[in-house]
> 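Please read through the structure below; I'll follow up with questions.
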Amino acid sequence: DAKTTQPPSMDCAEGRAANLPCNHSTISGNEYVYWYRQIHSQGPQYIIHGLKNNETNEMASLIITEDRKSSTLILPHATLRDTAVYYCIVRARNTGGFKTIFGAGTRLFVKA
Amino acid sequence: GAVVSQHPSRVICKSGTSVKIECRSLDFQATTMFWYRQFPKQSLMLMATSNEGSKATYEQGVEKDKFLINHASLTLSTLTVTSAHPEDSSFYICSARVGGASGELFFGEGSRLTVL
């Protein structure tokens, strides 16, 4: 699986949009971009994934650059409960037994 | 989303004893489950891939005789930490894949093991 690079930490004001970047310059054509988050002392939570098009769901939006070498997770109106470690992962989807390897992630602090 | 449940959520044991952690997929069948461990302020580290009806595949550096994995049914995988020592104290997390090879991963709540 391709490696990803994320800033170690970010701050965001409550109610504002949180934009979390991720670089994945070695991504392969069949690899998807996945985002998970982990709130302290809990298991990771799936947020969103995409291949090349931008995606949006009830939790967040995912913007993937045209060359697919980077992406941004957007939490449109961050709340205090969004304080967590956010992990950007790239992996092939249609591979039996694929493994999800976690990097260091970005620790997002949402402040009142 | 799909629900993956772990039990127990917390366990404290004495050094030398064995501890079993269960991971269940509550509303779907999971042919493949994954076990991770996480030390404080660190990321998740994949330990092994658990396949229903066959032997688990362990990551490099993970002792298979130390961390016994059993995946006897499509809804249950167990991780047994044998002869636990204080250095085995960690947060253990399982995940299960929904919908086959192309499915999404959902994670359990985690189990915190403390070995005295």
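Below, read A as the first sequence line, B as the second, and so on, with proteins coming before strands; counting in each chain starts at 1. The shown structure was predicted, so the numbers you read here are calculated from the model rather than taken from an experiment.
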> Please identify, among Q38(B), Q42(B), M45(B), R112(B), the residue contributing the most non-hydrogen atom pairs under 4.5 Å to chain A.
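When all of Q38(B), Q42(B), M45(B), R112(B) are compared, Q38(B) has the most.
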
> Do T100(A) and L46(B) come within less than 4.5 Å of each other through their side chains, counting heavy atoms only?
no

> Just verifying a value: how many Å separate L105(B) CG and Y34(A) OH, rounded to the nearest 0.5 Å?
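Going from the CG atom of L105(B) to the OH atom of Y34(A) covers 7.5 Å.
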
> Do F102(A) and F107(B) have their ring centres less than 6.0 Å from each other?
yes

> Looking only at non-hydrogen atoms, find the nearest pair between I93(B) and P44(A) and report the distance.
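Closest approach of I93(B) to P44(A): CG2-CD, 4.0 Å.
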
> State, with a plain yes or no, whether a side-chain heavy atom of Y87(A) is found less than 4.5 Å away from one of L44(B).
yes

> Please check if I101(A) and Y36(B) belong to a single hydrophobic cluster, counting links between Ile, Leu, Val, Met, Phe, Trp and Tyr side chain heavy atoms closer than 4.5 Å.
yes

> Shortest non-hydrogen contact from Q38(A) to F91(B)?
NE2-CE2, 4.1 Å

> Please check if F34(B) and L76(B) belong to a single hydrophobic cluster, counting links between Ile, Leu, Val, Met, Phe, Trp and Tyr side chain heavy atoms closer than 4.5 Å.
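In one cluster: no.
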
> Around atom CZ of R68(A), are there more than 12 heavy atoms from other residues, nucleotides or ligands closer than 6.0 Å?
yes

> Within the supplied structure, the quantity of interest is the number of heavy atoms (other residues, nucleotides, ligands) at a distance under 6.0 Å from K55(B) NZ; does it exceed 12?
no

> Counting only heavy atoms not in H7(B), do more than 12 sit closer than 6.0 Å to its NE2 atom?
no

> When you group the ILVMFWY residues by side-chain heavy-atom contacts below 4.5 Å and let the links chain together, are M33(B) and V4(B) in the same group?
no

> What heavy-atom pair brings S43(B) and A104(A) nearest, and what distance separates the two atoms?
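Where S43(B) meets A104(A) most closely, the heavy atoms are CB-CA, 4.3 Å.
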
